[in-house]
Each structure stands twice: as structure tokens, then as C-alpha cells.
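Below is one structure; the comments refer to it alone.
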Amino acid sequence: MIDQRLLRTDLDGVKAALSRRNRPAIIDDVAHAARLDARLRDIQAERDDIRARVNSISKEVGQLHRDGKPDEAQTLQAESKNLGGTESGLVGEYDEVSAALRDLLLGIPNLPHEAVPGGANEDDNPVVIGPIAHHSTYPEWQRVPHWETAAALGILDNERAAKISGSMFTMQRGAGATLARALCQFGLDQNADVHEEVRPPSLVSTATLTATGQLPKFADDAYAIERDDLWASPTAEAPLTSIYANEVLDDTELPIRLMAHSSSYRREAGSAGRDTRGMLRSHEFDKVEMMAYATPEQAPGLLDDMVQRSERAVAALRLPYRVIEICAGDMGQSHHRSFDVEVYAPGADAWLEVSSVSWLGDYQARRANIRFRRHDENGKLIKGSEFAHTLNGSALAVPRVWAAIVENYRNEDGSVTIPDVLHPYMRGAVRITAD
RNA sequence: GGAGAGGUGCCAGAGCGGCCGAAUGGGAUGCCCUGCUAAGGCAUUGACCCUCCGGGGUCCGUGGGUUCAAAUCCCACCCUCUCCGCCA
């Protein structure tokens, strides 16, 4: 949620920033929100005025009763009752306008950082790092899609996954399952130096998904467990960001850096039939996510660090990769600035998004009500609080890295070599063969 | 799932429908006393919203209701704890 106060202090600035997202409807919403905000303050002022009078009359009434003057109290009571009627009318109107404003604000995306490149869609995302370790040509035996190699090696059984759960579910078997788990362990170990490992719940509340921005706008993308008013978490970003919801942190404990291995559940509404072969897109996948709570000053440095960590993971796996920056027209609704890490898969001949690292500003913290307090130079707590900044990024998303390994590490005989850094997690296996 | 107890400020904990944004104790901060320490004295100490910067408003788990007036009465829900049941 953007800062409501900006609507009155810098409406033109908000409109200018959001116009870079290349969706004119947003600007209309902003203008509408500004009108509602002004209306709301008028109602509030009027309502508070009446409440102030009711409060003071009530005090007088109490005093008069104690002084044994019930007649005078009677007159005041009548006046107060009258005011009460007016007040409840205003309250009704206030609730109505404020609900409408909140709905509108929840749908307005975050302001892009000024450094975010302009652009209309994903075709305009500039490559900012790389390509690294990318070859101009690949031998024939690496030009085999991973689903073919995986089928031949018996390490991926999506047909039976469909029997169990329906289409767009994957199931790894044998060394393929071990490889998936090895990647998770590797992803965690790579980042354990500064991140606390968390194992959060997979089913989360409506409030939790609203805080990170998946709700209310993208409800169709998440699995709902309606009977219990829970949702299957689409990313560990959601539970990790709500860990400190409704809390006031201390600037001395920031940044707080967390990581979690979790399963992510996505309905992928509207994308049926696209990129659905093999491991490219599925309803459930494993991922190691990083998340940080920070002061506004710490955030840019943490963003860089997170991008480097995502990069380091694919570099350590010796996969061809590049980093792109997401342009204003392609950024996610909550994002202030974002980078994607992509690996090259020679079999599918495609760059696969394996990580997305984002700085959310205070957009999520405002929704989740996560604040922090500062200390002055003498170590004394300063009065008041402000919203924290949040950042998150995938340390390692299993399926596409798994696919890229199966394609890049395919040998001429159809076997797949295990990348060196994964050896410790593979129970001694260094190569996946058909038997 | 059943029975019971409870949710109040940084913490503990009191609170007759009006004198309650809230006793008391602890903690924290400042000042005083003391050679230092220990101990003591005094004072301060919540958040948020609006503001014509005078002030006004909201918040005692959440949401409703009763009343001129609700932390206090009524209803619903949520959460925590104890016991029982079930269970990986």
C-alpha cells in the first residue's frame, strides 16, 4: 500500500511515478483515491467535533447527577442523544468511504524507484550482468530438452503425478528427487552465514496474503482452503513477511535476515498449456527464499547483496546465466525495484527465470503494519516510529535449476553429471545414469 | 472435538457504568543524595489519526449491541493456558 498522505502532499509526483508502469487505469484509481481521502477527512473532522461535544456533555451529565441536579442533566441528555443520531450517520458514511478507499489503495501498485528503467513489458528488461559462462554453441547432446533426458533416466514421472493430483504437477524419482532436495540444502547452506533459517507454516491466513500483496487482487492465483479460511502459500515470502506483522522493531536489531525452504503452491490460472513441459511450470514447487527487514538506508545495500547471492548460487553450479533488471512496465505490483536471475537451458533453448529479487520499500510493511524505532547518536530511543522496508528474493528455486542442470550437464551417452558443489548432498552419486 | 480459566500500558497486575488512557509494583530515563558501591528521594515514561498548532479524536483481544455515557453490562468471534478425547 502506498502512503495515503502522498495523495495530498504530492499527488502529481505519485501520478508521475505510477504512469511509468504503463497502465493508465492506475492513474484514474489514484485520482479517485485522492478524492476519497479528502472526503474522508471532511467527514472525520465533522464526526470528531460531534464526538468532542458528546464527550463533554457526558462529563457534565455525570457531574450534575452527583450534584443532585437531575433536571439540568435531563436537558443535556436530550441534546446528547440528538447529537448521537447525527454522529452515527457520519460514522456510517465514514465507514463506507474508508472501506472504498482501502479497496482502492490495496489495488494501487508500489511506486517504482527512480532508477528503474523505463519500458512497457518484459521485452524491455535490460540485461545488467552477463551473460556469464554462456557459450556461442552447444554440442548436440546438450540440445535435448530435460523432459526427454529425465524420462530416459527415470528421474521425472509427471504422468503419474497427474494421476495423483492432476495436470501441472511434477514428481521426481530416485536421483531426480535427491537432486531436488540437494538443491534446497545447497541453497540454504550458501546463505546461512547471515540468514536465520525458518520453517514457516505452508497454510496462511487471508491477512498474511494481503500483507504481501497477493490479495485481494490476485486471489485467483492462489489455492484457497475455504472451509478454514486459509490459503496455500504461493511463496515463503508471505509467511516470512508476516512474522513481524503488527510489531514495532528496534533499529539496532535491523536488518533482520531470514531464509526458508518451503513448498510453493500456485494455481497458474491463465497459463495452462504454456511452458508446462517437464519442470518449467507447475502448481507445486520447492524453493529457498531469502527475506530481510531493514531501515530505508539499509535497503539498497541489501538488494545488491541478495542479487549477488542469487547469482552466486547459479555461478557455483556453473550454469550459464545473466541478470536482468525489471523495467517499470513489467514490475510486480508490490515491487519498488526488481532483478531476475536467468539461466540458459540449451535443450529448451531458453533463458529460464530462476530467481527474482525485489525491494518492496514500505509497501508491504504498511499493509502488514511493521514498524521500527530509531535511536539517536547517543543511543537514546527517538519518539515515534516509521514503517520498515522489506526485501525478498529466491536463493534457489528448484524446478528450473533442476531442468537447467539436466540440460547443461547432459553427457554424450545421455547420462547427467552432478555439479561438484552438490556432491556432498547426493549420497555419493556424481552422475545420473539410466540404471 | 468436550469442560474450565483467561486476554488491560515495556512487563506484572488492579479496575463500583460517569471522578479511567487507566491504581499499584517492576523496568527504563532524568535530577538529587552518597568518597565509591549498595541503598534511598523526586520526577518523567504508550501508540495512532486530524489540526486553523490553541487543540480535537481513536485505541483496555476483534467485531457488533445496550446507554446521555462502556475497560466495566449483553451477544458473536479470535487467541492463550489447564484437563479430557483423538492423533503423525
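By convention in this document, chain letters (A, B, ...) are assigned in the order of the sequence lines, proteins followed by strands, and residues within each chain are numbered from 1.
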Quick check: does any side chain N or O of A:Arg267 sit under 3.5 Å from a backbone N or O of A:Asp220, one acting as donor and the other as acceptor?
-> yes
Separation of B:rG56 atom C1' from A:Glu87 atom CD, nearest Å, is 14 Å
Measure the distance from NE2 on A:His65 to C1' on B:rA69 and round it to the nearest whole Å.
-> 10 Å
B:rU45 and B:rG25: how far apart are their P atoms, nearest whole angstrom?
-> 16 Å
Consider the side chain of A:Arg66, meaning its heavy atoms from C-beta on, and name the nucleotide among B:rG18, B:rC68, B:rC49 that approaches it most closely.
-> B:rG18
Anti or syn - B:rG27, cut at 90° from 0 = anti
Select one nucleotide: of B:rC49, B:rG18, B:rG56, the one nearest the side-chain heavy atoms of A:Val61.
-> B:rG18
Side-chain H-bond candidate by donor/acceptor type, A:Arg66 with A:Gln63, under 3.5 Å = yes
Can you tell me the distance, in whole Å, between the CD1 atom of A:Ile382 and the P atom of B:rU29?
-> 16 Å
Starting at NE2 of A:His335, measure out to CG of A:Leu391 and round the result to the nearest 0.5 Å.
-> 10.5 Å
Should A:Glu148 and A:Arg410 count as an ion pair when the cut-off is N to O under 4.0 Å?
-> no
Between the side chains of A:Thr390 and A:Gln364, does any donor sit under 3.5 Å from an acceptor?
-> yes
Assign A:Ser58 to base, sugar-phosphate, or nothing according to its heavy-atom contacts below 4.0 angstrom with the strands shown.
-> base
Closest of B:rC50, B:rC68, B:rG56 to the A:Lys81 side chain is B:rC68
Distance, P atom - from B:rG17 to B:rC74, rounded to whole angstrom = 11 Å
When we call it a touch if two heavy atoms are under 4.0 Å apart, what does A:Asp49 touch: a base, just sugar-phosphate, or nothing?
-> nothing
B:rC59 and B:rA71, which share atom name C1', separated by this distance in whole Å | 11 Å
Phosphate OP1/OP2 of B:rG57: any A:Asn55 side-chain N/O under 4.0 Å = yes
Are A:Ser338 and A:Ser358 close enough that a side-chain donor and a side-chain acceptor fall under 3.5 Å?
-> yes
Would you confirm whether A:Arg266, through its side chain, and A:Pro234, through its main-chain N or O, come within 3.5 Å as a donor-acceptor pair?
-> yes
At under 4.0 Å, does any side-chain N or O of A:Ser385 touch on OP1 or OP2 of B:rC48?
-> yes
Would you write the dot-bracket representation of RNA chain B, where each base gets (, ), [, ], | or . depending on whether it forms a Watson-Crick or G-U pair under 3.5 Å and with which partner?
-> ((((((((.[[[..)..(.....]]]((((((.......))))))(((((....))))).[[[[[..)....]]]]])))))))....
For B:rG15 versus B:rG4, give the span between their C1' atoms, rounded off to a whole number of Å.
-> 24 Å
Angle class for the A:His113/A:Trp359 ring planes (parallel below 30°, perpendicular above 60°, tilted otherwise)?
-> tilted
Quantified in whole Å, what is the P atom distance between nucleotide B:rC42 and nucleotide B:rA76?
-> 49 Å
Base, sugar-phosphate alone, or nothing: which one does A:Arg53 contact when heavy atoms must sit under 4.0 Å apart?
-> nothing
Give the rounded distance in Å between these two atoms: CD of A:Glu46 and P of B:rC50.
-> 18 Å
Considering only B:rU58, B:rG18, B:rU51, which nucleotide approaches the side chain of A:Arg51 most closely?
-> B:rU58
Using the P atoms only, state how far B:rG1 lies from B:rC77, rounded to an integer number of Å.
-> 12 Å
Any side-chain donor-acceptor pair under 3.5 Å between A:His336 and A:Asp362?
-> no
Of the candidates B:rG56, B:rA69, B:rU51, the side chain of A:Arg41 sits closest to B:rU51
Of A:Arg5 and A:Asp48, the one whose closest RNA chain B nucleotide lies more 5' | A:Arg5
Considering only the C1' atoms, how many Å lie between B:rG63 and B:rC31, rounded to the nearest integer?
-> 47 Å
If the C1' atom of B:rC52 is compared with that of B:rG40, how far apart are they to the nearest Å?
-> 49 Å
Assign A:Ala52 to base, sugar-phosphate, or nothing according to its heavy-atom contacts below 4.0 angstrom with the strands shown.
-> sugar-phosphate
Should A:Lys383 be listed as having a side-chain N or O under 4.0 Å from OP1 or OP2 of B:rA47?
-> yes
Which residue, A:Gly84 or A:Arg8, contacts RNA chain B at a nucleotide closer to its 5' end, judged by nearest heavy atom?
-> A:Arg8
